[in-house]
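A quick note: this is a predicted structure, and the numbers were derived from the prediction, not measured.
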Protein chains: 2
Amino acid sequence: MSDLKVHEFKVAMTCEGCSGAVERVLGKMKGKGVEDFNINLEAQKVEVKSSLPANEILEVIKKTGKETQLISSA
Amino acid sequence: MSDLKVHEFKVAMTCEGCSGAVERVLGKMKGKGVEDFNINLEAQKVEVKSSLPANEILEVIKKTGKETQLISSA
């Protein structure tokens, strides 16, 4: 079993269409390395609990076309 | 040289963050099979002039997490 970490990302989201898009993309990764996630539209932050390296999750979020960056992993 | 076609897609976009995300993703494909594209946020339509099959472009747009479907190819 891999260790689970919580990775926090800043993601540019301006409406519920934006956050919904991120939700769908991360939702597809549930059971594929992503254990759980939480999207905060107002704070423009996304927390992902995962066994995957932060970089790999960052690439998936980038595929949405949203500007994003890793804030922290713990 | 492959033939260029114009593929029209319906893409669920509700703000400029949404259309900007689609723009960034398609922009990365310029010179990689995508010749040009036009995004109409209000009409929720995206036209892509490309030598790629419509399916391939549809998959790229889907990666944004937006709900999308092909309307026509001509």
Side-chain angles (χ1 to χ4, degrees), chain A residues 4-73, chain B residues 4-73:
Chain A
L4 285 173
K5 283 194 172 183
V6 174
H7 307 288
E8 189 181 24
F9 302 89
K10 179 100 180 165
V11 184
M13 301 177 289
T14 50
C15 76
E16 288 184 7
C18 294
S19 58
V22 176
E23 187 167 0
R24 272 186 290 276
V25 165
L26 288 175
K28 280 187 196 163
M29 294 184 69
K30 272 211 172 175
K32 297 175 189 170
V34 169
E35 173 87 8
D36 201 7
F37 60 89
N38 181 52
I39 296 173
N40 187 327
L41 170 57
E42 205 170 317
Q44 307 211 31
K45 283 185 185 168
V46 176
E47 283 182 341
V48 183
K49 188 191 282 188
S50 174
S51 57
L52 299 172
N55 268 0
E56 210 165 308
I57 300 164
L58 187 70
E59 286 309 309
V60 169
I61 298 174
K62 275 190 181 166
K63 284 262 195 301
T64 64
K66 303 292 180 197
E67 286 170 27
T68 180
Q69 64 191 72
L70 178 66
I71 298 173
S72 65
S73 294
Chain B
L4 286 173
K5 283 194 172 181
V6 175
H7 307 288
E8 190 180 23
F9 302 89
K10 180 98 180 167
V11 184
M13 300 177 288
T14 49
C15 76
E16 290 184 5
C18 294
S19 58
V22 176
E23 188 168 2
R24 271 186 289 275
V25 166
L26 288 175
K28 280 187 196 162
M29 294 184 69
K30 272 212 172 176
K32 297 176 189 171
V34 168
E35 173 86 8
D36 201 7
F37 60 89
N38 182 54
I39 297 173
N40 187 326
L41 170 57
E42 206 169 317
Q44 306 212 30
K45 283 184 184 167
V46 176
E47 284 181 341
V48 183
K49 187 191 282 187
S50 175
S51 57
L52 299 172
N55 267 0
E56 212 165 304
I57 300 165
L58 188 70
E59 286 309 310
V60 170
I61 298 174
K62 275 189 182 167
K63 284 260 195 302
T64 64
K66 303 292 181 198
E67 284 170 28
T68 180
Q69 64 192 72
L70 178 66
I71 298 173
S72 65
S73 295

message = For the backbone of Gly65(B) and the side chain of Lys63(A), can you confirm whether one donor and one acceptor N or O come within less than 3.5 Å of each other?
response = no
More than 12 heavy atoms of other residues, nucleotides or ligands under 6.0 Å from CD of Gln44(B): is that the case?
yes
Applying a strict 4.5 Å limit to non-hydrogen atoms, the region of Glu23(B) in contact with chain A is neither
Closest non-hydrogen contact found for Cys15(A) with Cys18(B) is SG-SG, 3.6 Å
Note: vs chain A, highest number of non-hydrogen pairs under 4.5 angstrom among Lys28(B), Lys62(B), Lys66(B) is Lys66(B)
